[in-house]
Amino acid sequence: MAIDYGSMEAKWQARWAEAGLDKSERIDGKPKFMSIFAYPGVTGYLHVGHLRGYTYVDAISRYKRMTGYNVLFPVGTHATGNGGISLANRISRGDEKTIDYLVRNGCPESKIAELKDPMSVVEFFNQVYVNEYWKRFGFLADWRRFTCTLYPDYSRFIQWQFRKLHDAGLLIQKPYYAPACPNCGPVAVDPSETDISKGGRAETQEYTLLKFRHGDEFLIAATLRPETVYGQVCFWVNPEVEYRRISKDGEVWVVSPQAAEKLQLQKDGIEELGTIPGSEMIGWMCEAPMIHREIPVFPATFCDPDVGTGLVTSVPSDAPDDWISLEAVKRDPALKEKYGLTQELIDSVVPISIIEMKGYGDFPAKDVIDRMGIKQPGDPKLVDAKKQVYKDGYHMGRMRETCGPYAGMRVEEAKDRMKQAMIDAGEAELFYDLTEEVVCRCGNRVHIRRIDDQWFINYADKDLTERTSAHCRDMDINPQEYSENVHGVLDWFRERACVRLGNWLGTRFPYDDKWIIEAISDSTLYPVYYTISLYANSKQIVPEQMTEEFFDYVILDKGDIGQVASSTGVDPGLLQKIRDDVHYWYPLDINLGGKEHMTVHFPAFLFNHVATLPEEMWPRGITVNWYITGKNSDKISKSKGGAQPIPGAAAKFGVDAMRLYYAHVASMFVDVEWSEDTVMTYRQRVDRIFGAVSDLVASESDTPAGAMDAWLISRFNTHINEIREAMDKYDLRQMATVVYFDMYNDIKWYSRRGGSNSGTVRDALRIWIQAMMPITPHTAEELWEQAGFDGLVSASELPEADPAAISVVAEYGENLIRDVMSDITEIRKIAGIEARRIVLYTSAEWKRDVMRKAAAMMAEGKLTVPDLTKACMSDEAIKRNGKAASELAKKVAVEFPRFTAEAKRPVYETDELSLLTSARQFLSDETGLQVDVISADAEGIYDPQNKARAATPGRPAILLE
RNA sequence: GCGGGAGUGGCCGAGCUGGCCAAAGGCGCGGGACUUAAGAUCCCGUCCUUAGUGGUUCAAGGGUUCGAAUCCCUUCUCCCGCACCA
């Protein structure tokens, strides 16, 4: 059965568009449902993993659509930042890797030439996302509302949003430290290296500058570990460096020439005073901060004038470099000679143990050096050694009693406390530096510069945090763990630098257009803009008209319509319409995004809604989805094989197979390893369903409806309830299990049992195909048509379950038959005899009476073994069965209370004799044996092995011979 | 280290407001049907034992309970976040 999924998909997608199913319009009075996935950044091609979350949203939206909601599912893209610039630059440069990447993903050669400017790149990918991913996957999104963060109308919206944040007092300015080139100004330091030619992985690090008094001046050491000051025993100077004297707030500081330059970018009023050779300082005594001890200055070659200040305080106990260098000094008589150091002085320098940590002795630095076999200063392994000790010390360390008031404190805490204490005492200052050399495209070194007027969004605001946190309690946030955890995330969220200087694509900051609003901050409130973008895209309004007043009116319902109309030139009717749209669709019902959003996007999304919109417009739901990963939880990557471009996968497996795979392969809240074989099994599942439906259609007959029909209809109505229940929790996986497995199995069982009634088949098919629509819409349409139903299933309404059609008894009866069959099989297997005939004995009536009594007693809440036994013994019909009766009473009295009385009812109310008798032929066909059914109560029955007495309700006795 | 999550049968994964759990479903595997070829479909089986029973399981070890995969404690292992990066 070769099904051409590709053309089938295209066919139905076209039909949906023809029918306008992808267009969402306000219908006053009809309940609405608005859903989005967090839009992706358009910096390149996506892979099959990304479609997981998007597919959830389409399936959920389709489900809502068929259960009475007017659905709005808009899509857009995020292009802020410098991804577009970077790619355009690489193409302009003719970078082969980039071009190869594009070609491999199906970019036509002719297109590549056009991608030399950033906006073309963005537009190109916008088209790819919409056409090759989302439309290709059958999404019913309202394409007319598509928007991108770089569109001029979107920018107007973002500017409005920032005005509202400002009005709310949430925009603050304070100094910030950012990378900058002395020539070109601010630069972006990131792995794409758009602005820079070297150092894309560099990070900004905070150093503590420690001041060591020597006479009237200060030697300035930079350290990452201010908590180790109690272990300072000497001071390192590189004798080959010509240091600088600079003036700083009336003090004289000594630092490396490079540090002097860097400091000028971060501190005010720095002036160069002169130079001093490092060698001259050797042998000096200087006073260490915090501990106020005089320590000697020793020579060390590892002091890099480019790192920190080029001067280093020595804590040999916890710094491998210090330890090994101190050893060198002690061992090397030539040094002593050269710098005139006395043996006494050298001997006086003894490491002090200051930090206690598991797995290390008194001197962690020494332990690491020994472990790694480091012998000499300058050994490249020292870099790793340092990292190891720093990391372990920070996480596991505790200050020893040598550390004065900080003794016993965890390093993590002591670090901040000691740093602050020294700053307060004027013994230290902060300084920022990059972790590696960063070079601007112009060739100059990039350094960290202080920016005094940096804007932040004050997410640390207490009132905002509290209100947002409180609102989260009313939201539907999934999974549960995140719902609980989100409050912690909101608390932890601090001020966020929301604008940047330099070479970025994005919206200009409305209060100062030298700034560009950064990538997180312009993608928080945007869902509401989808209710407006429709009008901008259709040119009914133009960006210039989208003023503060305009948005105030349509979103906040503020201002006078006449005035807004005249100041913006927008027709009052249109203003009214947009305003109504906004308030009809908003709030957002579900925002679904990958787990990476939990600590950044979602909190910001929540904060911004609470900060700028009235409460009735705050979001109602967040759902987090986990990833599809490559082997061993790696990110999916081309280099490791496995994941082909999305259109290729769609062609190979079929879109519906992939959608079913995403929906069913695992819970939304776990990572899944991508496996083509697994996808293939879902493809087979889809194939099988095609087969099952056509078999079923072919089997239709005018046989009158019977017990099997009641059973199937009961099952399907039960399934409708299960589906609705699952989907109320957006549990697509559970829903898929019901639809693609349970319902399928029921259909198979129905046919196997000889069911073929046309009416039943129609009813069942209608429900089944509808239930497939959310996850496998193309298949559903095709089957809908094949089965001869009218219209589009995508536009149909899923019925409510009919409670009257649900028959516990019917479902119980079929289960009983299955149990009997499996018991027969079991016995045949174990007995190992060639059976010719099966005799089934149904339970004696008195046993059912025992159960009836038990149920009645349970209903009154007083079912106990003695009570039931007593009751049975007072009933003559039961009593005369003697010991068997009391044993059964005991068993029943123990077993029944585990269930509800209602659940047990079919056990004793089912007429097993007629049920099994009617299934005789079936059982006989299935087993290939003659089957007889006899009541244990019947007179003079055939029962050579005395089996009949073993029969109980729910468990007929079986004789095999 | 702090915060969060997880360890279930050959595998993936349900279950985890305690009892219908020897534990769904799928995959894989074995057998059969069909049929001649498909990564097809349909049945049956798939912890041990057994005329449909019983036994031992849900990382390890304790505990609570009449009763625990499910609750508590301890240990071991694994994963994620710790920011300015959508």
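Computed from a prediction, not measured in an experiment: that's the story for all the values here. Residue numbering restarts at 1 for every chain, and letters A, B, ... go by the order of the sequence lines.
- Residue contacts shown for A:His601 are absent, as no nucleic acid heavy atom lies under 4.0 Å away.
- Out of B:U53, B:G26, B:A83, the shortest distance to the side chain of A:Trp492 is found at B:A83.
- Comparing the C1' positions of B:C80 and B:G67 gives a spacing of 36 Å, expressed to the nearest Å.
- Of the listed nucleotides (B:C84, B:U41, B:C80), B:C84 has the atom at the smallest distance from the side chain of A:Arg494.
- Of the two residues contacting RNA chain B, namely A:Asp731 and A:Trp749, the nearest-nucleotide position lying further toward the 5' end is that of A:Asp731.
- Between the side chains of A:Gln684 and A:Thr681, no donor N or O sits under 3.5 Å from an acceptor N or O.
- Under the Watson-Crick and G-U wobble criteria, each requiring two contacts below 3.5 Å, nucleotide B:U46 is paired to B:G28.
- Contact annotation: side chain of A:Asp677 to base of B:G39, donor-acceptor pair present below 3.5 Å.
- Here B:U35 sits opposite no nucleotide as a Watson-Crick or G-U wobble pair (both hydrogen-bonding atom distances under 3.5 Å).
- B:A6 and B:C16 are spaced 13 Å apart, taking the P atom of each and rounding to whole Å.
- The closest side-chain heavy-atom distance from A:Tyr812 to A:Thr910 is below 4.5 Å.
- Summarising the geometry, the separation between CD on A:Gln734 and P on B:A14 is reported as 11 Å, rounded to the nearest angstrom.
- One C1' atom belongs to B:A23, the other to B:U56, and the distance between them is 14 Å to the nearest Å.
- Among the nucleotides B:U41, B:G39, B:C85, the one closest to the side chain of A:Met680 is B:G39.
- If you take OH of A:Tyr177 and C1' of B:C84, they are 17 Å apart, rounded to a whole angstrom.
- Remark: the A:Tyr740 side chain and the A:His664 side chain contain no N/O donor-acceptor pair separated by less than 3.5 Å.
- Picking from B:U50, B:C85, B:C27 the nucleotide with the shortest atom distance to the side chain of A:Arg496 gives B:C85.
- A:Phe922 and A:Trp749 have their aromatic ring centers within a separation under 6.0 angstrom.
- To the nearest whole angstrom, the two P atoms, one in B:A59 and one in B:G9, are 8 Å apart.
- The CD-P distance, from A:Glu826 to B:C48, rounds to 13 Å in whole Å.
- In this pair, A:His601 and A:Tyr526 present their aromatic rings tilted. The plane angle is within the 30 to 60° band.
- Atom OH of A:Tyr129 and atom P of B:A86 are 13 Å apart (whole Å).
- Taking atom C1' in both B:C58 and B:C66, the straight-line distance is 22 Å, to the nearest Å.
- Distance A:Leu923 CG to B:C44 P: 13 Å, rounded to the nearest Å.
- Residue contacts for A:Thr80: at a heavy-atom cut-off of 4.0 Å it reaches no nucleic acid atom on any strand shown.
- Nearest to the side chain of A:Glu596, among B:C44, B:A86, B:C85, sits B:A86.
- The C1' atoms of B:U17 and B:A68 are separated by 14 Å, rounded to the nearest whole Å.
- Rounded to an integer number of Å, the gap from CG of A:Asp695 to P of B:A40 is 17 Å.
- Only the C1' atoms considered, B:C20 is 31 Å distant from B:G31, to the nearest whole Å.
- Checking B:G39, B:C80, B:G26 against every side-chain atom of A:Gln684, the shortest atom distance belongs to B:G39.
- With B:C85, B:G52, B:A24 as the candidates, the nucleotide lying closest to the side chain of A:Arg733 is B:A24.
- Proximity of A:Arg417 to A:Tyr406: side-chain heavy atoms (C-beta onward) are separated by under 4.5 Å at one or more points.
- Closest to the side chain of A:Asn485, from the set B:G4, B:A86, B:G81, is B:G4.
- Look at the C1' atom in both B:A14 and B:U70: the space between them is 13 Å, to the nearest Å.
- Within the nucleic acid shown, A:Ile824 has no heavy atom closer than 4.0 Å to any nucleic acid atom.
- Of the nucleotides present, none pairs with B:A40 by Watson-Crick or G-U wobble criteria with both distances under 3.5 Å.
- A 3.5 Å limit on both hydrogen-bonding distances identifies no Watson-Crick or G-U partner for B:C20.
- You'll find that the side chain of A:Arg955 is closest to B:G52, out of B:A86, B:G52, B:C85.
- The ring pair (Phe, Tyr, Trp, His ring centres under 6.0 Å) test with A:His78 singles out one residue from A:Tyr39, A:Tyr151, A:Tyr154, and that residue is A:Tyr39.
- Across all strands shown, nothing is found opposite B:A86 as a Watson-Crick or G-U wobble partner with both distances under 3.5 Å.
- Going from atom CZ of A:Phe605 over to atom C1' of B:A83 covers 20 Å, rounded to whole Å.
- Nucleotide B:A69 forms no Watson-Crick or G-U wobble pair with any nucleotide shown, as no partner meets the under 3.5 Å limit on both distances.
- No donor-acceptor distance shorter than 3.5 angstrom exists from the side chain of A:Gln945 to the backbone of A:Lys947, with no hydrogens or angles considered.
- Between A:Thr599 and A:Thr825, the residue anchored nearer the 5' end of RNA chain B, judged by the nucleotide with its closest heavy atom, is A:Thr825.
- When the C1' atom of B:G81 is taken as reference, atom CZ of A:Phe493 falls 13 Å away, rounded to whole Å.
- Among B:U41, B:C84, B:G25, the nucleotide with an atom closest to any side-chain atom of A:Arg688 is B:U41.
- The partner of B:A6 is B:U77, by the rule that a Watson-Crick or G-U pair needs both atom distances under 3.5 Å.
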